[in-house]
Amino acid sequence: MPVFLHDTMSREKRPLLPKPGRDVFGMYCCGPTVYGPAHIGNFRTFTVQDILRRALEVAGLKVKHVRNITDVDDKTIRGAQAAGQTLGAFTKTWTDKFHADCKALGLLPPHVEPSAVEHIPQQVAMIKALVDRGHAYVAKDGSVYFKVCTCPDYGKLNHIDFSKLETQSENSAGEANDADEYERESASDFALWKSRKPEDGANFWPSPWGEGRPGWHIECSAMSLAHLGATFDLHGGGIDLCFPHHENEIAQSECATGVKGFAAHWFHSAHLMVEGEKMSKSKGNLYTLDELVAKGFTPMEVRATLISGHYRSSLNFTMKGVDDSRSALAKLERGTDRLLAAAGFTRAEFAAPVAQEVQTSWGRFAKAWEVLQDDLNIPGCLGQVFTVLAEKDEPSAEQARQDISGLAKILFALGLELFAAKAEVAIPADVAELGARRWAAKQSKDFAAADQLRKDLAALGWTMLDRKDGYELKKS
RNA sequence: GGCGCGGUAGCCAAGUGGUAAGGCCGGGCUCUGCAAAAGCCCCAUGCGUCGGUUCAAUUCCGACCCGCGCCUCCA
């Protein structure tokens, strides 16, 4: 059975399969603008996309996952100038940081990660096609704009009838939407090519219309065309990109290639709230992965938190939520350990299946997989996993082996890596000594002394956990 | 105004026309010198409000209340 997913354009849940005659499922996801560290809101979207890709692979599809790097726009140019760096050096710094964060969060690298700067000739070619076909015009200053009124079905993704729409007098940022100011014929028209301005510094490229740089929307159209063709299977991004970015992509691509059906399926994920509030710079709640790690959370705990809600619902990210995820992951590990013991396997034998390998057995986790396949219901899937792990009857070794096969695939699809080596917390010498003395006191049944030493340890912020044949010191 | 999303226990969060998964927290028990850890058990007669359809609605329909998103470059 294929994976079913809600499609933004048709507003229906539809099966995900490659186009007839193709054997690879092509998916394009709008990637980060590399002008600073990505925040957890960005990573929610990328994590959900990662799980979709993993689930498709577990389902047996060959997937080509393309996710771009936006490395030229207002923010990257301004950032590079503020840092006194070239655009390339500046964006490389943040691209590297993005990759490091992705790896920590267990995101599989996309199969292709195109850079906008490296696809400027393709963008120019696409703009030229739009001009030649009468879908774009050149303004006095050499900028090129897409002429929305030449695209009759513009608005089809967002179900907006643009011919009837009154243009707003200002945008969401409170700035005037003044067509004249931008030399546009209509306020709905958008820039394909921006003529060179002094503040762009060294960041300009040649074009038939003079020096300048590409507009934002055209990047994704050109890169998806270059790597997936005029039509492909799925296009994803955060819900905020639905309009205008994705609407514009459709218009540009379909008008430039003359081929309708740009993306067969549109996949949008909802936004993250933080502690009940919308994330914003002014509120200072744009957490980065580093900030959460500094608070003592592991990236895997952050990942588990980011997927604790359905992708189409906004999720309230809280520190308590990450704490909850920590406890839940620990419970998942204990349950997995029990199952491994019942199957006669070691942790080392519990490896994630290679992506292309399709094992036949789901064991008791068939239901969990079924739930995940239904519009990527991650919380429902995890609920099923816990339900099975909590079942009373001890499974037979054979049953447990089948279960392990299913569980490994589920956890691979979710990208949840268990049993990661915990960071060793250095134990100060004085704490270690108190611990040793308490253990000795306990062994000699001097419980009064042992209790006092436990209190001393607590005063230093440490907890002592007694085992049968030893003890463990943990920071409390 | 246009186009959408959502309101389920203390917190988070699935789901269904036939009587509410799961996680966290909390409580109880077992184990234990103590403390933990672990295991077991308990924890919504209720799913924003009011109507309607139905043998039956949290689930469908309508109205209303509340929260949220996008509407020109924010994942």
Side-chain angles (χ1 to χ4, degrees), chain A residues 8 11 29-33 38-49 70 73-75 148 155 157-161 164-168 170-173 175 177 182 184 187-191 194 215-217 219 236-245 247-248 268-273 276 278-281 286 304-305 308-310 312-318 320-321 323-332 334 338 367 371 377-390 392 442 445-448 450-451 454-455 457-458 463-467 471-472 474 476:
Chain A
T8 311
R11 298 177 179 172
C29 300
C30 292
T33 302
H39 55 71
I40 50 171
N42 299 306
F43 282 120
R44 181 195 195 187
T45 295
F46 299 136
T47 303
V48 164
Q49 291 164 347
T70 296
D73 77 326
D74 291 345
K75 292 192 292 276
V148 168
L157 174 62
N158 289 274
H159 304 271
I160 298 168
D161 186 346
K164 292 178 187 159
L165 191 70
E166 290 286 322
T167 302
Q168 291 199 158
E170 59 181 43
N171 65 23
S172 57
E175 295 159 343
N177 277 336
Y182 300 100
R184 287 179 292 178
S188 299
D189 294 349
F190 54 90
K194 296 182 162 194
W216 176 50
H217 308 296
E219 296 176 4
I239 187 68
D240 53 294
L241 296 184
C242 200
F243 190 89
H245 184 57
E247 197 70 58
N248 292 354
H268 291 107
S269 47
H271 276 184
L272 212 56
M273 313 273 285
K278 185 185 173 178
M279 286 177 53
S280 70
K281 269 190 181 164
L286 290 175
T305 308
S308 63
H310 189 98
R312 282 199 284 136
S313 300
S314 60
L315 177 71
N316 186 18
F317 188 97
T318 63
K320 181 181 180 302
D323 268 331
D324 290 357
S325 293
R326 166 175 291 176
S327 302
L329 280 174
K331 186 172 190 166
L332 191 55
R334 294 195 300 272
R338 278 199 305 277
K367 176 76 176 174
V371 169
N377 186 350
I378 297 165
C381 173
L382 279 170
Q384 274 303 314
V385 168
F386 281 108
T387 299
V388 171
L389 290 177
K392 285 280 161 302
K442 182 185 169 175
K445 303 211 185 290
D446 183 357
F447 295 129
D451 287 352
R454 178 183 287 289
K455 282 181 189 163
L457 281 164
T463 305
M464 190 157 165
L465 303 183
D466 291 358
R467 307 271 182 226
Y471 61 92
E472 186 183 347
K474 289 181 73 173
S476 46

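Each chain gets a letter, A, B and so on, in the order its sequence line appears, and its residues count up from 1.
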According to a strict under-4.0 Å criterion, is A:N158 in side-chain N/O contact with OP1 or OP2 of B:C70?
no
Strand partner of B:U19, provided both Watson-Crick or wobble distances fall under 3.5 Å:
none
Mind checking if A:H271 touches a base, just sugar-phosphate, or nothing, with heavy atoms under 4.0 Å?
base
Distance from A:S269 atom OG to A:I239 atom CD1, nearest 0.5 Å?
8.0 Å
A:H310 has an atom NE2; how far is it from atom C1' of B:G23, in whole Å?
18 Å
N/O (side chain, A:K474) to phosphate O (OP1/OP2, B:A35) under 4.0 Å:
no
Please determine whether a side-chain nitrogen of the Lys or Arg among A:D324 and A:K320 lies less than 4.0 Å from a carboxylate oxygen of the Asp or Glu.
yes
Please determine, for B:C50, whether a Watson-Crick or G-U wobble partner exists with both distances under 3.5 Å, and give it or none.
B:G62
Can you tell me the pairing partner of B:C5 across any strand shown, Watson-Crick or G-U wobble, with both distances under 3.5 angstrom?
B:G67
Tell me the interatomic distance from A:R454, atom CZ, to B:G33, atom P, rounded to whole angstroms.
12 Å
Is there a donor on the side chain of A:R44 or the base of B:A75 sitting less than 3.5 Å from an acceptor on the other?
no
5' precedence on RNA chain B between A:D324 and A:T463 (nearest-nucleotide basis)
A:D324
Is there a donor and acceptor pair, one atom on the side chain of A:D451 and one on the base of B:G33, closer than 3.5 Å?
yes
So A:K442, base contact, sugar-phosphate only, or nothing? Heavy-atom distance under 4.0 Å.
base
To the nearest Å, how far apart are A:F43 CZ and B:C74 C1'?
15 Å
Interatomic distance, A:N316 CG vs B:C12 P [rounded to whole Å]:
7 Å
Heavy atoms only, 4.0 Å cut-off, all strands: where does A:P244 land among base, sugar-phosphate and nothing?
sugar-phosphate
In whole angstrom, give the distance that lies between atom CG of A:L389 and atom C1' of B:G39.
14 Å
Under a 3.5 Å cut-off for both contacts, is B:U72 paired Watson-Crick or G-U wobble with anything, and if yes, with which nucleotide?
none
Rounded to the nearest 0.5 Å, what separates atom CG in A:L241 from atom CH2 in A:W216?
5.0 Å
Distance below 4.0 Å between A:K320 side-chain N/O and B:G10 OP1 or OP2
no
What nucleic acid atoms does A:F190 come within less than 4.0 Å of, heavy atoms only: base, sugar-phosphate, or nothing?
base
Rounded interatomic separation in angstrom, taking CZ from A:R334 and P from B:G39
5 Å
NA contact type, A:N377, heavy-atom cut-off 4.0 Å: base, sugar-phosphate, or nothing?
sugar-phosphate
Nucleotide B:A36, atom P - distance to CG of A:D466 in whole Å
12 Å
A:H39 and A:N42, any side-chain heavy atoms less than 4.5 Å apart:
yes
What does A:F447 touch in the nucleic acid at a heavy-atom separation under 4.0 angstrom: a base, only the sugar-phosphate, or nothing?
base
Distance check needed: B:C68 C1' versus A:L272 CG, whole Å only.
13 Å
5′-ward residue of the pair A:D189/A:F46 relative to RNA chain B
A:D189
Roughly how far apart are A:H271 NE2 and A:M279 CE, rounded to 0.5 Å?
9.0 Å
Looking at the base of B:C24, is there any donor atom on it, or on the side chain of A:D323, that sits under 3.5 Å from an acceptor on the other one?
no
Is the distance from OP1 or OP2 of B:G23 to the nearest side-chain N or O of A:K331 less than 4.0 Å?
yes
B:C73 base / A:K194 side chain donor-acceptor hit below 3.5 Å
yes
If pairing requires Watson-Crick or G-U wobble contacts with both distances under 3.5 Å, which nucleotide is the partner of B:U30?
B:A38
Over all strands shown, is A:G383 touching base, sugar-phosphate only, or nothing at heavy-atom distances under 4.0 angstrom?
base
